[in-house]
Amino acid sequence: MLTLPASKAISSNHQLYKGSDKSSINLPEIKQTVQFTGSTKSVPKSESTNTNSGKRKFAKKGDKKEDFDPDKIAAAVRYAQLQAIFAADEDGLDIDEFKDAMRKTVGHRMTDNEIEILFMKVDANCDEKVDWEEYVTYNLLEYQGKTLMIEMMRQRPLPQETTPIPSKHRESIVAVKFYPSIQKKAGKNFIDHTNGKYVTLSKEGIMSTWNMNMKHLERFNVITEIADRATHPWMVDLACMYNVGMIALSSTDRDITIYDIHSNNFLKRYYLTGLDDCITCMDYWVNLQDLNHAIFAYGDTSGSVTVFVFDQSLTGGLFGCFGAKRNACKQISVPEIIRGFFKGAKGYRFNRLHTDWVLQVKYVPELSSIVSCCQTTETSLCVFEFEKKRTNQSVFQINKGILCFDYCPENNILVTGGMDYWVRVWNPYVCSKAISILKGHTKPISHVIINSRRNQTISIDKAKNIRVYDLKDQACLQQVGGRVVKLGKYSLSAAYFNPVLQTLIIATNQLAMLEKTDEEVQVAEIRSHNKPVVTALYNKTFRFVVSACQDSVISVWDLHSGEKVIQTVNAHSREERGFEVPVEITTMTFDGPQRRVITGARDGSVKVWNFNNGNCLQTFTTPDKLEVSGVVSVNHRIFVTGWSRQVHIFLDGGDEEYRKDWKQKHNEDILCMTHLSPNIIATGSYDGDIIVWSRDTGQVYCTLNASKGTQPIGENKTKRFEIGPEPALNENQEDEISSDILKTFGSVANEEMMKMKTRKLSFLRQNKDILSRVKENVLLKENKWSRKLNRVDETQVDHPLLPLFHSQSPVSEEANKNQPNRREEYDELCKLYESAIECILFLESRDRENGETALMMTSGAEGWVRAWSIHHQGGLLGQFNAAHKVGESVHTMSTDINNKLLFTADSCGYIKIWDITEYCTKSVISASQRASRWNYLNETFTYVRLMYCSEEPPDSLVSAEKRPPDIATRPPPSSTLPKITLKWPFLVNSFRAHTKIINKIEYVEEVKLLITASSDCAIRVWTLNGCYIGTFGEPWKSIPTVLKRVPTAKIRIPSDLHRIGSASTLKVLNQGRSGLWTQAIDAAVMLSRTKSGEEEEEDEFEMGTDELVSETTAKSDQHEKPRSAHSGRTKTKKCIGSEILGKTYKKTMRHRMLPTMDKFVQINSSISVFRCLPYSDLNLDMDAEQMKVLEDIRAKYYSGTVLSKMKGEPRKQEKGPALIELFNKITNKPPLPKGKNQMGRIKRAQNKIQKKPDSLFADLKVKEAPHETDLIDKILAEGTNVHK
């Protein structure tokens, strides 16, 4: 007999399909062979399903025969066989035995590769054995983790916190309603839920109106005449009569008052009296196809329901005209309405329909019925057609009654809530039993609202707990606790849900709003995590991407589909006041076989995870409990470092008692750590120290620091920078000291520097190590030697902190005056605040035995990337600034497997790709190799083709001229010998990938993709060329399919980059294509594939066309269809003809395309300036009459201008140039003198101007006349001379 345990869990990867082979299974024998133990959790009858549900036959009541499911029984048999195979081997199965066991049982449809991956997932401890406990535990944890992930990824319909709304209500708000506007589209009326206003009413009679954003508009007091009453009336409810522009209010005075709110007025129009009981609820419905037809219903305290039907509400008013007076109010008797005394209004009253107060009433047009409820068991809910007999009503009976309900016309269901804490879903035609029951509330339910758009229901209880249920899955999607809803001590008295804006408004005596934007309106970008992403790593073994964020969430992504596989929440956490608070993850790495992930957190904890199922395998804690910034796993040991400034070693699989600590060598916090096989560990700290350790012994090989020099410092030389001050120097000792310095530090300079053969002072200017030796001795001395040292580097520098550092410097004011460039203070400032090492990268494929080859790259503050040789004769070999702009830092780097490309990412969100084939290496490539490399770069990178535009390879791929803007004022420290070490590798690509700092960049060698993780909560995938693949969190097509379609596929750009990206970034992201010229370029590509005979046509056609029309544009125009005869002017050309249409066919020429634009000019502020399009002057081709009309217009305009100028009146048509306005202000002309014949002289001058405009245009100069009178004399004189 085979026995299945209670912990049976079949993985989704191992489930059988319906078409499984059953020929080898004897189904009658299966029932006799398989026996389930008592602890086995069998599937209940009500929940058991068959794959062939259409042919399933349900058993009758009392039939104890279970359903026969062959597939389920076959799966159980194979699972039992797998358990037996595991039980036969106590030590577990190796990979070959595991393959055989899976093929024989549940994994007969899996490939060998899939079985191997499954084996590695289960074998997390890498002992090459898998036993039954490991296999079952993995399946259970994987299922549990995926279930939790699906629940967390479910979109929350409402925000988790409420937004308070300030209001002037003092008492409880009894009603919150929406007063919509009726729009018309395609001949049909509809309610626009995005245009209207909200109306609130409180007990004391204060009614307020609000706009769509819940901003207060107006406030009215509806209770004005209290007189000498002993009690103050309370308002009960309101109804919006939006088709006639009115609002109905009811109070405890047993009356209904209808107000007119047209044109922001608030006038009382109707006053309904004669009610026997107090009204408790009201409802108003309008027929949108006929706005004259409306229904008004209300319920009272006697359990009765009254219905008014209006047929002429627009044409004749609700109850007739108001009266002759403007502010007249018409008093209406309700019994007269029921008796039919008013034209266009009918009344129906149903007495004692309920045995208690009517709590809610609503007209449902889909059912043509009135629905009402009360808090009694006998008549909890009534559905009846009021225009027919009462015998057609349906009564729903629920224990303790119903407090609220809502109807969904799309699904034709009723949802109710009552005193028993349950939400019930009903078929309105079946009142005996509910369709489903939704549980979860712990207090009576006061409000129920159906969200038909998302097939959800929102329920609110008297403890202010809000729950959202999915009507399809019958599961709770979200719960907003009553503690979050901060609306005072009162229970919720009113609620309204806007189905279009997805906004929920709730009220007690205060107002609050829960607003959730819809997917189409949502502006937020696609995010991979809810908090900034700390790191993202690519796993070569499982081809997954593992990421971590500041919210302590570890997510596993499928690179080929972009979907989330599994996630772990609260990976690192602490308890605070009884709550679990997540602790930020600061670093992450894989173990050697890449089957586990190791994370470090801000609280000093380190955890080892099986990321495939979210199981925590091991936990460590550093002794100081400070932030962990670096983790390395090598040879079953875990190296941990961070702000403790020490390196701790934990045994993989052991306890904390096996921890070892290396001796502290760093003076500042350690920010990064990396490993170089076989036995080298490197750490970098905030003060710029880079210490290279022996992995086995913890011995320090060397220390590197750019602020202390270019040479490596051995363990026995670390104290050379801590030498105390020496006696003061006199002038006679200068030559002796200088010779000693040259003799001592001659070996410090490298060969390249010694070959320069410069003078002694030139050598001192470039070797900053000398300053560190004698600075404190002679820097402040007033002698010749100190003046020479002050002139070490005269480069002008600038730094935002330099003025503050200059004011706090201990150097005397006289010394500061002698140092206008402040280079010494700049170097000291960089040493203290701009020396942090944030990333260390080893180039493992390079030669390690050569001291002239850089083996290690470091980056950090100020964006400087430095190349180091850790050889004892090595040191700093090169440095360059990889930031997009000055002042930004390079936080992360990566490289390819051959170390030919270097990928850097800065704090601006820019990615830069550098070719380091010839950078800081002794090996020199040949000219043919360089040409081949250049061709590869041209074919791969659009940036190279756009920026360099050269087919010939350069002489070298290393240059000292490619510098970021303004880098001259922010040079590296003088101790790094910039004149020798400052050189840039070849930049092959540069574009912006994120809007915030990039915390991690990862290169996937298999598919040549870049993965970037940023603080903008997004993890994006790019090609080397800068083509955007997608963001994790949005599904995309498989990576091979996308890469094949990249050259021709529609280019996608993230909306945030499309909004703020620079011109160069957009060019790279668009693969060199401009968005406005995409069609023209595509046409040119198509034309390039046509027959070669069209080239001859083009040569003949270009002989008669303008030189400005480019060849590409002309080809694009040739392939457009010819216009019709009446479509405009066409130009024919001489051509050979067409093989299809005949030799006499002639192609037509449409309008000329614009020529290509020149290169844009990009400045520092990311504003792109484009050159003007080339143009030619217009040729006037008019007849004599047109020229005469043109001259008359010019004469009138000029004469009017001169006349207005002489009168001192400004022209009203247009403003003149700014230069003329400035000239008028400077001259400040006095007003015109008053004369008797002044106006006559002006008219005569105007007539002269109109008669001879050309001569006056040529000879008259306004600047010659200092005054308007002189100008008139000049015009008259000119006119007289011309006449003579």
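Since the model is a prediction, treat every value here as computed from it, not as a measurement.
With rounding to the nearest 0.5 angstrom, the SG atom of C404 is 9.0 Å from the CD1 atom of I449. Once rounded to the nearest 0.5 Å, the distance linking CZ of F497 with CD1 of I506 reads 12.5 Å. In this structure, W426 CH2 and C431 SG are separated by 8.0 Å, a value rounded to the nearest 0.5 Å. Separation of atoms CE (M419) and NZ (K443) is listed at 10.0 Å; rounding is to 0.5 Å. Separation of atoms CD (E584) and NZ (K531) is listed at 9.5 Å; rounding is to 0.5 Å. Here the CD1-OG distance, from I585 to S547, works out to 9.5 Å after rounding to the nearest 0.5 Å.
By the side chain to side chain contact (heavy atoms under 4.5 Å, CB included) test, P164 is found to be paired with no residue, residues two or more places apart in sequence or in another chain being considered. S605 meets the side-chain hydrogen bond (donor to acceptor under 3.5 Å, both in side chains) test with H572, D603; sequence neighbours excluded.
Ring planes of W557 and F1032: tilted class, angle from 30 to 60°. In this structure, Y284 and Y242 have perpendicular ring planes: the angle between them is above 60°, well past the 30° mark.
Counting non-hydrogen atoms of other residues, nucleotides and ligands closer than 6.0 Å to CH2 of W643 gives a total of 12 or fewer. More than 12 heavy-atom neighbours from other residues, nucleotides or ligands sit within 6.0 angstrom of CD on E410. A 6.0 Å sphere centred on CH2 of W234 holds no more than 12 heavy atoms belonging to other residues, nucleotides or ligands. Heavy atoms of other residues, nucleotides or ligands lying less than 6.0 angstrom from CD of E161 number 12 at most. No more than 12 heavy atoms of other residues, nucleotides or ligands lie within 6.0 Å of OH in Y490, so this atom counts as exposed by the packing criterion.
The residue from Q160, Q456, R467 that alone fulfils the side chain to side chain donor-acceptor pair (under 3.5 Å) condition with Q478 is Q160.
Y198 and N498 form a side-chain donor-acceptor contact under 3.5 Å, judged by distance and modelled atom types alone. Judged purely by distance below 3.5 Å, without hydrogens or angles, the side chains of E627 and T586 never pair a donor atom with an acceptor atom.
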